[in-house]
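What follows is a single structure, written as structure tokens, with notes after it.
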Amino acid sequence: MKAFQENINRLWVRLSLAFALVVIIGVMLTSFIGILVSTPTEFNYVNVLRDSEGPVAQLAAYYQTNQWDNAAAFMQGVQSAYGNIEYFSLSFSLIDNSGALIFDTHPSDTAQYPYVQFDETLPVTIGGNLQGYLRGLGLASEKFLRDYSPQSQFLAWLQERIWWMSALGALIGVVFGGIFARNIAAPLRNLAEAANHIARRDLKQRVALRGTSEMVQVGSAFNNMAEELAHAEKLRRDLVADVAHELRTPLTVLQGNLRAMLDGVYPTSTEEIANLYDQTRVLSRLVNDLHELAQADANQFPLTLAQVNVADAVTRWVGTFAPIIEAEGVILETDIAPNLPLVQADSGRLAQVVNNLLNNALHHTPSGGKITLKLWSDEGQVWMEVSDTGRGIASDHLPHVFERFYRADRARSRNSGGAGLGLAIVKAIINAHQGEVTVASDGEGCGTTFRLWLPCGVV
């Protein structure tokens with residue numbers, strides 16, 4: 001039943017049914033009119049003998065008064081009342097109860113009227129007693145059939161009213177077609193209006209999901225697009241605000257220190273110049289990170305691909321980072337599977353990924369905690385997992401972890417020098433390698449796990 005409802009709600013099905021309905025109505029109307037006008041009224045004497053005031057009743061009344069005396073003359077009057085015309089021959093014969101013929105006008109030569117329309121014989125009774133029979137014979141000529149048959153009458157009627165019928169059919173088609181078209185096009189009009197609102201940057205505009213299955217799908221896609229645009233606009237505003245904030249801090253330090261040096265408050269020493277140089281490095285790193293993310297957004301992320309032994313490379317990178325982790329009182333464990341396949345990748349970019357993930361884990365893991373790095377292969381993919389026993393991530397923050405400038409703890413990140421771009425760059429690098437990176441956490445205080453995979457062989 002559900003499948004039937006889904007099929008009946010499709011646009012092409014509704015259009016087909018609408019056109020079929022218009023055709024059916026037109027055919028039924030034409031048939032009704034044809035039946036209405038094709039029943040002949042002129043020269044139709046089929047029921048003349050059965051009429052309650054017809055010739056049988058007249059003969060019965062005549063017999064009560066005159067018996068059958070001079071009945072032939074009476075029948076001449078009856079015959080003349082019904083006429084005897086060019087197209088149709090109507091004749092009577094009267095027979096008494098003994099079988100004697102009293103009156104007869106049936107033509108002996110029927111060549112002029114070759115088609116029998118009816119031939120009936122009815123009894124003439126008085127008080128239940130049979131007194132005779134009246135036979136009625138109706139013959140039609142070819143000219144009658146040609147000019148006065150139901151078909152001929154219908155064609156003649158149609159010729160006179162063809163334009164009116166055409167106009168009526170067109171009116172019915174226009175009315176029903178307009179109703180169906182308006183019903184079908186209403187969701188499209190609403191969609192067009194909503195699109196115009198979106199073009200005017202009214203990103204709160206949404207459309208109601210109604211109409212055919214195709215219209216519902218288009219409306220749903222439009223609403224999803226509007227949601228994404230609204231989300232992108234929010235990210236853009238946040239990006240501008242965050243970039244301004246991240247640039248303002250080192251610039252303020254530079255301006256303040258330079259002003260103090262110019263005013264003689266600070267001495268122009270190598271130490272002070274080194275502090276200013278550190279601030280320029282912060283600015284340079286931020287600009288470089290933004291440039292890389294802009295390249296990733298334009299699908300122009302620069303990669304220098306080569307066959308990489310991930311196990312050896314990760315072991316080397318971890319060895320370089322291990323002293324920093326140990327200095328913070330955090331335990332670093334590795335679990336690297338043997339005989340891992342080669343990966344077509346940019347070794348420098350992968351080192352950047354490992355460095356960012358380990359640095360992120362270190363920032364969120366207190367002294368005495370543990371960071372674990374695992375590496376294995378499965379179904380043509382090389383997997384890496386970096387997990388920690390740190391503060392964890394609340395469930396409402398998980399969907400935003402890879403967004404640029406997003407920080408669950410903004411104050412701590414800024415104090416520690418983080419700009420919220422490291423994980424965004426990790427995702428951009430992995431996506432550029434046609435891989436995927438995900439994050440999982442059971443909540444605050446339960447640690448965090450980052451897991452990524454890269455395809456083996458040529459990317």
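Numbers here simply count residues along the sequence, with the first being 1.
Under a 4.0 Å N-O distance rule, the pair Arg135/Asp104 does not qualify as a salt bridge. Of the charged side-chain nitrogens involved, none lies within less than 4.0 Å of a carboxylate oxygen, so that Lys427 and Glu436 do not count as a salt-bridged pair. Under 4.0 Å is where a charged nitrogen must lie from a carboxylate oxygen, and between Arg391 and Glu444 no such pair does.
Val314 is listed as a side-chain neighbour of Leu373, based on a closest heavy-atom distance under 4.5 Å. No side-chain heavy atom of Arg349 sits less than 4.5 Å from a side-chain heavy atom of Val353. Looking at Phe450 and Glu385, their side chains never come closer than 4.5 Å, going by heavy atoms from C-beta outward.
With hydrogens and angles disregarded, no donor-acceptor distance shorter than 3.5 Å links the side chain of Asn129 to the backbone of Thr125. Here the side chain of Asp96 pairs a donor or acceptor atom with the backbone of Ala100 at under 3.5 angstrom. Under the 3.5 Å distance criterion, the side-chain polar atoms of Ser441 are left unmatched by any main-chain donor or acceptor of Gly392. Judged by distance alone, the side chain of Gln79 and the main-chain N or O of Phe74 form no donor-acceptor pair under 3.5 Å. In this structure, the side chain of Trp68 engages the main chain of Gln131 through a donor-acceptor pair within 3.5 Å. Checking side-chain atoms of Gln58 against main-chain N and O of Glu53 turns up a donor-acceptor pair under 3.5 Å. Without hydrogens or angle criteria, Gln352 side chain to Val426 main chain gives no donor-acceptor distance under 3.5 Å. Between the side chain of Asn224 and the backbone N or O of Ser220 there is at least one donor-acceptor pair closer than 3.5 Å. Checking side-chain atoms of Asn190 against main-chain N and O of Val207 turns up no donor-acceptor pair under 3.5 Å. At least one donor-acceptor pair closer than 3.5 Å links the side chain of Tyr62 to the backbone N or O of Asp69.
Summarising the local packing, CZ of Arg200 is surrounded by more than 12 heavy atoms from other residues, nucleotides or ligands at distances under 6.0 Å.
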task: Using the side-chain contact (heavy atoms from CB on, under 4.5 Å) rule, take Phe222 and Ile198 through it: C-alpha gap first, then chi angles, then the decisive distance, then the call.
output: CA-CA 10 Å; Phe222 178 88; Ile198 293 292; 3.6 Å; yes

Practice task
Dump the intermediate steps for side-chain contact (heavy atoms from CB on, under 4.5 Å) on Val124 and Tyr133, then the final yes or no.
Solution key: CA-CA 5 Å; Val124 180; Tyr133 299 93; over 6 Å; no

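Nearest heavy-atom pair, Leu454 versus Ile430, reported as atom, atom and distance to 0.1 Å: CD2-CD1, 4.1 Å.
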